[in-house]
Amino acid sequence: MIIDTHAHLDMLNDPKRAIEEALEAGVEKIIVPGVEPDTFEKVIKLADEYENVYAQVGVHPSEAQKFSDDTAGRMMELAAHKKVVAIGEIGLDYYWDKTFVDVQKKVFKTQIEIANALKLPVVVHDREAHGDTFEILEQMGAKKVLLHCFSGSLEFAKRCVEKGWFIALGGVVTFKNAKKVRQVAKEIPLEHIMLETDTPYLTPHPYRGEENAPKYIVLSAKEIANLKDTALSEVERVTTANAQNFFNV
């Protein structure tokens, strides 16, 4: 059994097929993140329609300018839904646009406050903003943290693990030129790692360039097993237990 902790099923033309193929591949649970206010109901609807699908509500840093007091109120209300398991994906992204960093930080903090109030985990998007991301998570007292699509150094990963946080790895770990991520996968204990696809993005080798899907998560799991010189079954067992406990699914 494997849990895909991050798949944008709502961005696929045929999510039903992706879910069926995932089940056939041994992926028994899929968690769909929110990205912007307009997607909240869509991801929750998917979770309602499929027993093995769960949802998150959150505003991605690139969409931070769409966040409002009304958004915060809707998040508080929707997060009470029985299949909403986290606040995400939230965080900071300095790669695409640094013109509204202050807005990103404010929205990130507000969403952590919501998670803290509801006692929900946070799923964090951090791209080229490692220092500020860590500082805000620490400052806001975030308890249960999963760093989605981890892209930092081994040293940064160790700092996060020392805080008790988790790291999510996906298709990038199969890229031979992704030296930092592969080093993190090799050195960080399985007890702090979860699996994800980030469907439809970041498809693993040898399907790189095609649309990603939860069924491909097995390829990432196999690569992590190779890097750690351990059995695939052990990677599946530990990362699944981590996700079950973290998301309470």
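For the numbers below, each heavy atom of this structure counts, side chains included, while hydrogens, waters and symmetry mates do not.
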request  = Answer yes or no: are there more than 12 heavy-atom neighbours, outside E234 itself, under 6.0 Å from its atom CD?
outcome  = yes

request  = Check for a donor-acceptor pair, side chain of N248 on one end and backbone N or O of L120 on the other, with a separation under 3.5 Å.
outcome  = no

Stepwise side-chain hydrogen bond (donor to acceptor under 3.5 Å, both in side chains) test for E162 and H192 = CA-CA 10 Å; E162 285 173 2; H192 285 274; over 6 Å; no

key: Contacts of R208 that satisfy salt bridge (Lys or Arg N to Asp or Glu O under 4.0 Å) - sequence neighbours left out   = none

request  = For D4 and T197, test the side chains for any donor-to-acceptor distance below 3.5 angstrom and give the result as yes or no.
outcome  = yes

Check residues 165-184 and write down every donor-acceptor pair under 3.5 Å in which the side-chain atom is one partner and the other belongs to a residue at least two apart or another chain.
residue	atom	partner	partner atom	Å
T174	OG1	G171	O	2.7
T174	OG1	H205	N	2.9
K180	NZ	S151	O	3.4
R182	NH1	V173	O	2.9
R182	NH1	E223	OE2	2.9
R182	NH2	E223	OE2	3.3

query = Short question: side chain of N52, backbone of K29 - any donor-acceptor pair under 3.5 Å?
reply = no

Student check: side-chain heavy atoms of D102 and K106 closer than 4.5 Å = no

request  = Return each pair, listed once, that meets ring-ring contact (aromatic ring centres under 6.0 Å, His included) where at least one residue sits in residues 208-241; pairs must be two or more places apart or across chains.
outcome  = Y207-Y216

query = Tell me the ring-ring contact (aromatic ring centres under 6.0 Å, His included) pairs involving residues 88-112, sequence neighbours left out?
reply = none

key: CE on M76 to CG on L118, rounded to 0.5 Å   = 4.5 Å

query = Taking only residues at least two apart or on different chains, which pairs with a member in residues 28-81 satisfy ring-ring contact (aromatic ring centres under 6.0 Å, His included)?
reply = H60-H125

task = Go through the side-chain N and O atoms of T99 and D97 and say whether any donor and acceptor fall under 3.5 Å apart.
result = yes

CD1-CD1 distance between I112 and I87, expressed to the nearest 0.5 angstrom = 11.0 Å

L154 side chain near I188 side chain, heavy-atom distance below 4.5 Å = yes

ask   = Short question: side chain of D126, backbone of H130 - any donor-acceptor pair under 3.5 Å?
value = yes

ask   = How would you list, by chain and number, every residue that makes a salt bridge (Lys or Arg N to Asp or Glu O under 4.0 Å) with E41, sequence neighbours excluded?
value = R74

key: K143 atom NZ, neighbour heavy-atom count above 12 within 6.0 Å   = no

Side-chain heavy atoms of I19 within contact of P214, under 4.5 Å = no

message = Keeping K42 on the side-chain end and D10 on the backbone end, is there a donor-acceptor pair under 3.5 Å?
response = yes

inquiry  = Looking at E51, I'd like to know if its CD atom is crowded, meaning that more than 12 non-hydrogen atoms belonging to other residues, nucleotides or ligands lie closer than 6.0 Å.
reply    = no

